Amino acid sequence: MSFPKKTYVLKLYVAGNTPNSIRALKTLNNILEEEFRGVYALKVIDVLKNPQLAEEDKILATPTLAKILPPPVRKIIGDLSDREKVLIGLDLLYEELKDDGLNLDT
């Protein structure tokens with residue numbers, strides 16, 4: 001797998017230490033360490049402690065992963081157990097397919 005060419009800025013919104021929140025954080029950390037190799041910044045926001053941040057960012061459900069950079073902003077809701085969905089949501093899988101010479105713009 002090739003290194004991503006961009007730095008990713010991510011926010012994970014959780015609601016306390018619920019099983020879904022813990023699973024989402026664990027899954028995301030595994031994906032980031034395997035696929036992004038240090039080219040990311042992750043901020044975990046507990047909406048129970050910081051409800052104003054969730055309101056400002058229009059977060060209606062948790063866990064929610066928001067990719068802030070690179071644009072466009074993308075959000076993934078759920079425990080992030082579908083690895084392919086997470087990679088597509090972060091534009092990593094799309095970039096890899098594009099780098100392999102596949103024409104995805106048609």
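Nothing here was measured: the structure is a model prediction, and the numbers come from that model.
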(message) With no hydrogens and no angle check, just 3.5 Å: does a side-chain donor-acceptor pair link Y40 and E35?
(response)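 There is no such pair between these side chains.
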May I ask whether [X] and [Y] are part of the same hydrophobic cluster, defined by side-chain heavy atoms of I, L, V, M, F, W, Y residues being less than 4.5 angstrom apart, directly or through others?
X: L80; Y: V14; result: yes
X: V73; Y: Y13; result: no
X: Y8; Y: V86; result: yes

(request) State which residues pass side-chain hydrogen bond (donor to acceptor under 3.5 Å, both in side chains) with S21; sequence neighbours excluded, sorted by chain then number. (result)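 If we apply the side-chain hydrogen bond (donor to acceptor under 3.5 Å, both in side chains) test to S21, skipping adjacent residues, the hits are T18.
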(message) My understanding is that only residues two or more places apart in sequence, or in another chain, count here; which of them pass side-chain hydrogen bond (donor to acceptor under 3.5 Å, both in side chains) with E55?
(response)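 If we apply the side-chain hydrogen bond (donor to acceptor under 3.5 Å, both in side chains) test to E55, skipping adjacent residues, there are no hits.
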(message) Given L12, which partner from the list T64, T62, L28, I76 fulfils the side-chain contact (heavy atoms from CB on, under 4.5 Å) test?
(response)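 With L12 as partner, side-chain contact (heavy atoms from CB on, under 4.5 Å) holds for just one option, L28.
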(message) Taking the side chain as everything from C-beta on, heavy atoms only, tell me whether D82 gets closer than 4.5 Å to E84.
(response)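 Yes, close enough: below the 4.5 Å cut-off.
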(message) Do I77 and L65 have side chains that approach each other closer than 4.5 Å (heavy atoms only, starting at C-beta)?
(response)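 The answer is no; the side chains never approach within 4.5 Å.
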(request) Would you please name every residue forming a salt bridge (Lys or Arg N to Asp or Glu O under 4.0 Å) with D57, sequence neighbours left out? (result)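 Partners of D57 by the salt bridge (Lys or Arg N to Asp or Glu O under 4.0 Å) criterion, ordered by chain and then number, come out as K11.
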(request) Quick one: name the residues clustered hydrophobically with I68, using the 4.5 Å side-chain heavy-atom rule over I, L, V, M, F, W, Y, and just say none if it's on its own. (result)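 Answer for I68: V9, L69.
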(request) Please write out which residues are connected to I22 in a hydrophobic cluster, directly or through intermediates, given that two of Ile, Leu, Val, Met, Phe, Trp, Tyr count as joined at side-chain heavy-atom separations below 4.5 angstrom. (result)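 Joined to I22, directly or through intermediates: none.
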(message) Show every side chain to side chain donor-acceptor pair (under 3.5 Å) that has at least one partner inside residues 66-81, sequence neighbours left out.
(response)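 Found R23-D79, K67-D91, R74-D91, D79-S81.
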(request) Could you tell me the separation between the CZ atom of F36 and the CD1 atom of I31, rounded to the nearest 0.5 Å? (result)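 The CZ atom of F36 sits 8.0 Å away from the CD1 atom of I31.
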(message) Nearest 0.5 angstrom please: E56 CD to Q52 CD, how far?
(response)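 These two atoms lie 6.5 Å from each other.
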(request) Sequence neighbours left out, what passes side chain to side chain contact (heavy atoms under 4.5 Å, CB included) with K26? Give chain and number order. (result)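 K26: side chain to side chain contact (heavy atoms under 4.5 Å, CB included) contacts with N30.
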Donor-acceptor pairs under 3.5 angstrom involving side-chain atoms of residues 41-50: please list them, not counting sequence neighbours.
from	atom 1	to	atom 2	distance (Å)
D46	OD1	G16	N	3.0
D46	OD1	L48	N	2.9
D46	OD2	G16	N	3.4

